[in-house]
Structures are given as C-alpha cells and as structure tokens.
Amino acid sequence: MKIQDTLSNSEQKLDVSKKVRIYLCGVTVYDESHIGHARTIIVFDVLRKYLERKGIEIEFIQNFTDVDDKIINRAEIENTTAEKISIRYIENYFKDFDGLNVKRATNYPKATEHIDDIIKFIEKLIEKQIAYTSKNGVYFSVSKFPEYGKLSKKNIEELQSGARIDIDEAKNDPLDFALWKFSEKKPAWESPWGKGRPGWHIECSAMSLKYLGENFDIHGGGRDLIFPHHENEIAQSESFTESPFAKIWMHVGMVTINGEKMSKSLGNIKSIKHVLENWGPNIIRLFCLSGHYSKPIDYSEELLKENLTKWRQVETCYYELIHADGENREEVNSVMEKIKIEFSNALEDDLNTHLALSSFFQLVKEANRLAAEEKLGKEDAKIIKKEFESMLQVLGLIIPKMTENKKQEITNLITNREIFRKEKQFNEADKIRDKLNEMNVELIDHKGRTIWMKKENIKAEKF
RNA sequence: GGUACUCUGGCAGAACGGUUAUGCGUGGGCCUGCAAAGCCUAUACAAGGGGGUUCGACUCCCUCGGGUACCUCCA
C-alpha cells in the first residue's frame, strides 16, 4: 500500500510485513466534536479496517489531550474542575464516534495519565541541553534542532522574522516552545523544575514512544496540525531518540463550510451529535469518504442528500440480496472478481476512498440490475453478498438490523396485502402498504412476489 | 507578506502523456393495479486565463489570475 507522506512529499510504501503501528492525534476534550474531527477519524478508521481485512495486525493509538488552557478556561467558566470537563467530553467523544461506527483504538492514552513519562522525556532533553528552564517554564530550544521546519517546509529565519511579538521574554528564541509550563493552580504536578503542567506537543512525543516505540509506521492528524504541532513533535522526538520519528506522515484535509474551514472561532461548527441525529452514521461516512482524504471537503446539505440517495441504493441492494430466491445463474463471479480487485487497488493507492466507493456502487448497481431484471439467482446473490459485506465492513457502513419478530410481522402484513391485491381490493392493500411505510418498511414488487426493505430512519429526509 | 495546496461539465468528484471515468441532477422509457424503490437509456466537446515542451496534455514546464489552509489554539 502506498501513502502520501507529508515529510518527504512523496508516496511511500507502507511496510506490512509486520504489525503496523499508527498514532493519530485525537481531540482536545473541552467541547463537542464536529464533523471536521469526524472526517479525520473516519479516514483512519477505514485505513485501519482495510489493513485488518488484509490480515495485518494493527496497533492503533489515539490520544486525548486532557490538559490544556481551553479545558482550564472552560472549567473556570463553569466553575468546575478541568478533570470534570475532560471526563465529560471524553464520554461525549465515545458517544459520537461509537455512533459513527468507528472501531475503538487499541488504546486512548491521556496526557494526565502520563505525566511521569512526560517528565522523564523532558529531563533527558534538558540533559542533552536541547531544553532549558526559564522563569515561566521549560522550553525546547529550536536552534538546537537544525532540521526544524522540515515537515511544514518552513525555514527558521523566515519564521523568526515573521514571528508575532512574543510576550514571553523568558524564551531565548521566539520560536522556542513550551515543554512544561509553571503554574500553581488547579491541574498541576510536581516536577524537578517546579509545579506546573506539560505543554501541548510533548504528550504525543512521550506517549507515542511509550506505546509504539521509535520509528513507528504512520503518524496522522488533520492538516492543521502540521505546524506547529507535528513539527514540534518531530523536533522533540528526534532530539530524544536521535533516530527518525514516524515513517509516514499522513494528513487529512479540512472540512469546510461555504469554502471556509469549520472552526469554533468562525462559529460554523456542525457538531457530530447534530449531524448524526439528522443523517445517521452511514450518510456521514459516505460523505466523509466521497473525496480524497488529503483534500478539503465542503459540507453541505445537498451533498448529504446526494449520499442519502446512494445509501438507499445500498439498502435496496442488501435486501435484494438477502431475499433473492431465483434459480438463475448469471455467472457473476468474474464481474465480482473485477470489482473486488478495483476496490482494493483504489485503497492501495493512497487510500483513494472515492474510487473505492465507485467500485462499491458498481457492485450495488450490478446486483440491483439483476434483481430488476428478475435474474438474481440465490447462488449469485450469495457470491455478491460476500463481497458486499466485506466492502461494507471496510467502509464502516452498517445496515440496521431487525428483530425476528418484526420480520415476521412484516411478512404477515405482506401476505395479507397479497390477498387483497389478488382480489383487486387495492384500497385495502394500499392501507397495508402505508402502514408498513410508517414503519420505514418499503415494499418492492417483483414479478410474482413482493420483498421488503427496512429503510434507515433519516430525520433530515422528512424536510 | 511568506509557505503549502488547489482551480475539471448544473453540482460532486477521479484518472498521475494517448480510453473525453463515475455518481447526483435532468429528459425519456421499463417494471407496477397505481405507486414507491430499482433498473434501462439519453444528456455535458469540461479542464481558471495565456504561453510553451510533445506526434499527442486534464496530466509536464513557465507565466498571470482566483480560492483555501498554515504562519497563534485548532482534526
């Protein structure tokens, strides 16, 4: 598999000969997550699920930043503790992302639970004279890391001349960044240099090293983390280990809205909770995967609607497949084989989910075509269904399941409707159909038989 | 201002020098008791502007222009 690497600015082969170690920068837990977060995490979810389908073992680490000024501010506003805030939003996070059908990471380390590791990390940097203590905290000396800027392609002189006026005259150099901030209040820990809390970037260096070791395979996050966050991580980690940090840097494009980045300050946030309520997980995932991950994607109701149409086709396909009972054999093997290969090839090539989706929809169309032409045999359906489900799994899409009781109830209603239809009592027959529609069950009349499909309840569809 | 990315048909979006993908939308049709869903079929001579390189460019180079992101916290 090839992945575009931000550092080398070229495609790199992912080594899958052994366990693949991935570190994804997660969220700062001070507020609700929005679909910008969702996209990044869904992209990595698909990457992970695809690799796992190939039988590759994955160690997937995603951190929670649970110590940060924003959390502290929020706690002050609400007159509560930072810990309570972060606990609340971690719970919130899992609610959102479980709802989006994102597989849980191997581990979700939190900064506050790794203070010792962070302190040890900083100690060694001080020992190496790469970090220094000032009156406000411990700083990383950027000038001691000559390669600084290699990820974001910035050069140090330009950064220095363009640096905004820094209030902190305790720093040797305006580019130096905090590893440890002195503070007496609230979330603060003892350290060899004084009471305080870690800076933002150090946690990822310390925790990725702890859980994934040196030189792990993929480090990811949103594009907006390239500078300064990931740049600083490289500086810290490579100074520490004196060996290359991550092998591949994979960055996901922003979600925009009306062409502008979705962000708190612009007030154009669409929370996952809100979108999930209205559109459900499948449509959101289809939307997030509809373009190449590295490019921005513009959020709009029209696009979600477009994906709703597609999702209905997927549902139809599923129910046609499970209800297929024909004898016909169309020799569907070769087509499926072709689609299957195209699907995988697309993902192998820098996780081209858009092309993978095209293949997937080709399968859906093929199945629906056979069904519409009354040619979908039971055996063929089995073959198609196997691939269908495999792709569904990789894409993280889920057909809502039904209880046996409900299925029986539907079958009974359909039988009754058939009787009315035979007797040409169409009013009565239509009443049953309406009743089923209210249950979000749609009937598909084939020649000589009627099948049903359960439609996912999409609130936004009603508007 | 600097750096990076980006600019494809009504919309969304691929293809990384030679097949004008694909989806949505729209028109027509099939199926149906009527619908719905689905399917079939038609539909766009598209490549930000201008130059090059080449037998041939959406794809490479130059240039001009638009957009976005980052340069402070940010997925």
Side-chain angles (χ1 to χ4, degrees), chain A residues 6 9 11 24-28 30 33-44 62 65 68-70 73 149 152-155 157-159 161-166 175 200 220-229 231 251-256 259-265 286-287 290-292 294-298 300 302-303 305-310 312-313 315-317 319-320 346 349-350 352 354-355 357-359 361-362 364-375 420-422 424-427 429-430 433-434 436-437 442-447 450-453 455:
Chain A
T6 310
N9 198 19
E11 279 188 338
L24 176 65
C25 283
V27 296
T28 302
Y30 75 105
S33 303
H34 56 73
I35 20 178
H37 303 116
R39 153 125 110 146
T40 300
I41 287 159
I42 286 170
V43 164
F44 273 83
Q62 184 184 324
T65 299
D68 178 89
D69 290 350
K70 283 180 176 166
N73 290 345
S152 55
K153 320 285 180 238
K154 295 181 188 305
N155 74 59
E157 289 92 82
E158 269 169 14
L159 278 173
S161 62
R164 313 235 169 137
I165 313 96
D166 211 298
L175 294 186
W200 175 32
R223 286 207 92 85
D224 53 353
L225 294 185
I226 293 174
F227 191 90
H229 186 52
E231 194 69 62
H251 289 106
V252 180
M254 298 294 100
V255 174
T256 59
E260 277 182 317
K261 180 181 169 183
M262 188 176 284
S263 74
K264 272 274 152 54
S265 45
L286 286 174
F287 165 74
S290 64
H292 190 89
S294 64
K295 292 188 180 174
I297 188 170
D298 202 53
S300 73
E302 292 81 76
L303 279 182
K305 212 171 267 173
E306 182 175 325
N307 284 300
L308 168 62
T309 307
K310 293 178 179 182
R312 292 300 184 218
Q313 293 169 5
E315 288 180 316
T316 304
C317 175
Y319 285 99
E320 290 287 6
D349 185 9
D350 198 19
N352 193 332
H354 185 270
L355 277 185
L357 280 173
S358 291
S359 301
F361 280 106
Q362 212 181 314
V364 168
K365 244 210 153 92
E366 180 68 12
N368 287 347
R369 200 199 92 233
L370 290 172
E373 293 174 358
E374 310 293 347
K375 283 182 188 163
F420 284 126
R421 287 178 78 202
K422 281 216 176 83
K424 301 217 186 300
Q425 295 191 45
F426 296 122
N427 275 343
D430 288 352
R433 187 166 66 191
D434 291 344
L436 283 162
N437 277 342
E442 195 157 289
L443 300 182
I444 302 170
D445 288 332
H446 278 292
K447 278 199 169 63
T450 297
I451 68 163
W452 56 268
M453 63 179 274
K455 301 196 301 181

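A, B, ... follow the sequence lines: proteins, then strands. Residue 1 opens every chain. No experiment lies behind these values; they were computed from the predicted model shown.
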### Query
Between A:Q362 and B:rA21, does any side-chain N or O lie under 4.0 Å from OP1 or OP2?
no
### Query
Donor-acceptor pair, A:E320 side chain versus A:A371 backbone, under 3.5 Å?
no
### Message
Under 4.0 Å, counting only non-hydrogen atoms across every strand here, what does A:S263 touch: a base, just sugar-phosphate, or nothing?
### Response
nothing
### Query
Quick one: the side chain of A:D430 and the base of B:rG33, do they pair up donor-acceptor inside 3.5 Å?
yes
### Task
May I ask you to verify if any side-chain N or O of A:T28 is less than 4.0 angstrom from the OP1 or OP2 atom of B:rA75?
yes
#### Entry: A:D434, CG atom: more than 12 neighbouring heavy atoms under 6.0 Å
yes
### Summary
Testing B:rA75, B:rC71, B:rU6 for proximity to the side chain of A:K154, the answer is B:rC71
### Task
Mind calculating the distance between CG (A:D445) and P (B:rA35) to the nearest angstrom?
12 Å
### Among B:rA75, B:rC70, B:rA37, the one nearest A:K261 by side-chain distance
B:rC70
### Task
Specify the separation, in whole Å, of atom CD of A:E374 and atom P of B:rG38.
16 Å
### Message
The side chain of A:K70 is closest to which nucleotide in this list: B:rC73, B:rC31, B:rA75?
### Response
B:rC73
### Task
Report the nucleotide, chosen from B:rC39, B:rA75, B:rG23, that has the shortest atom-to-atom distance to any side-chain atom of A:E306.
B:rG23
### Message
Once you apply a heavy-atom cut-off of 4.0 Å, does A:I41 come out as touching a base, just sugar-phosphate, or nothing?
### Response
nothing
### Message
Tell me the closest heavy-atom pair linking A:L355 and A:A346, and the distance in Å.
### Response
CB-CB, 3.6 Å
### Query
NA contact type, A:F426, heavy-atom cut-off 4.0 Å: base, sugar-phosphate, or nothing?
base
### Query
Hey, does A:G253 reach any base, or is it just sugar-phosphate, or nothing, if we go heavy atoms under 4.0 Å?
base
### Message
From the set B:rA21, B:rA12, B:rC71, return the single nucleotide nearest to any side-chain atom of A:L303.
### Response
B:rA12
### Query
For B:rA14, does either OP1 or OP2 sit under 4.0 Å from a side-chain N or O belonging to A:K295?
yes
### Message
Reading RNA chain B from 5' onward, which residue's closest nucleotide shows up sooner: A:G291 or A:I444?
### Response
A:G291
### Query
Does A:K70 offer a backbone N or O that forms a donor-acceptor pair with the side chain of A:D68 under 3.5 Å?
yes
### Message
Over all strands shown, is A:E231 touching base, sugar-phosphate only, or nothing at heavy-atom distances under 4.0 angstrom?
### Response
nothing
### Message
How close do A:K264 and A:Y30 get, counting heavy atoms only, and between which atoms?
### Response
CG-OH, 3.8 Å
### Query
If you look at every heavy atom in A:L443 and A:T450, which pair is closest and at what distance?
CB-CG2, 4.0 Å
### Query
Is a donor-acceptor pair below 3.5 Å formed from side chain A:R433 to base B:rA35, judging by atom type as modelled?
yes
### Per A:R421 side chain, nearest of listed nucleotides B:rA75, B:rA21, B:rG33
B:rG33
### Query
Relative to the 5' end of RNA chain B, which residue comes earlier, A:I35 or A:D349, by the nucleotide with the nearest heavy atom?
A:D349
### Task
Spell out, as yes or no, whether a donor-acceptor pair under 3.5 Å connects the side chain of A:E315 to the backbone of A:M453.
no
### Task
Check every atom of B:rC40, B:rA75, B:rA37 against the side chain of A:M453 and return the nucleotide holding the closest atom.
B:rA37
### Task
Mind checking A:Q313 for me? I need base, sugar-phosphate or nothing, with any heavy atom below 4.0 Å counting as a touch.
sugar-phosphate
### Query
For RNA chain B, which ranges pair as stems of 3 or more consecutive Watson-Crick or G-U pairs, with both donor-acceptor distances under 3.5 Å?
B:1-7 with B:65-71, B:10-12 with B:22-24, B:25-30 with B:38-43, B:48-52 with B:60-64
### A:K153 NZ/CZ over A:F227 ring centroid, <6.0 Å and within 45° of normal
no
### Message
Nearest to the A:E442 side chain among B:rA75, B:rC34, B:rA37, which nucleotide is it?
### Response
B:rA37
### Task
Measure from the side-chain heavy atoms of A:K447 and tell me the nearest of B:rC31, B:rU72, B:rA69.
B:rC31
#### Entry: Pair A:K447 + A:E374: basic N to acidic O under 4.0 Å
no
#### Entry: Touch class at under 4.0 angstrom, heavy-atom based, for A:G221 against every strand present
sugar-phosphate
### Query
Nearest to the side chain of A:E260 - B:rC39, B:rA69, B:rG38?
B:rA69
### Message
Under 3.5 Å, is there any donor-acceptor pair linking the side chain of A:N368 to the base of B:rA37?
### Response
no
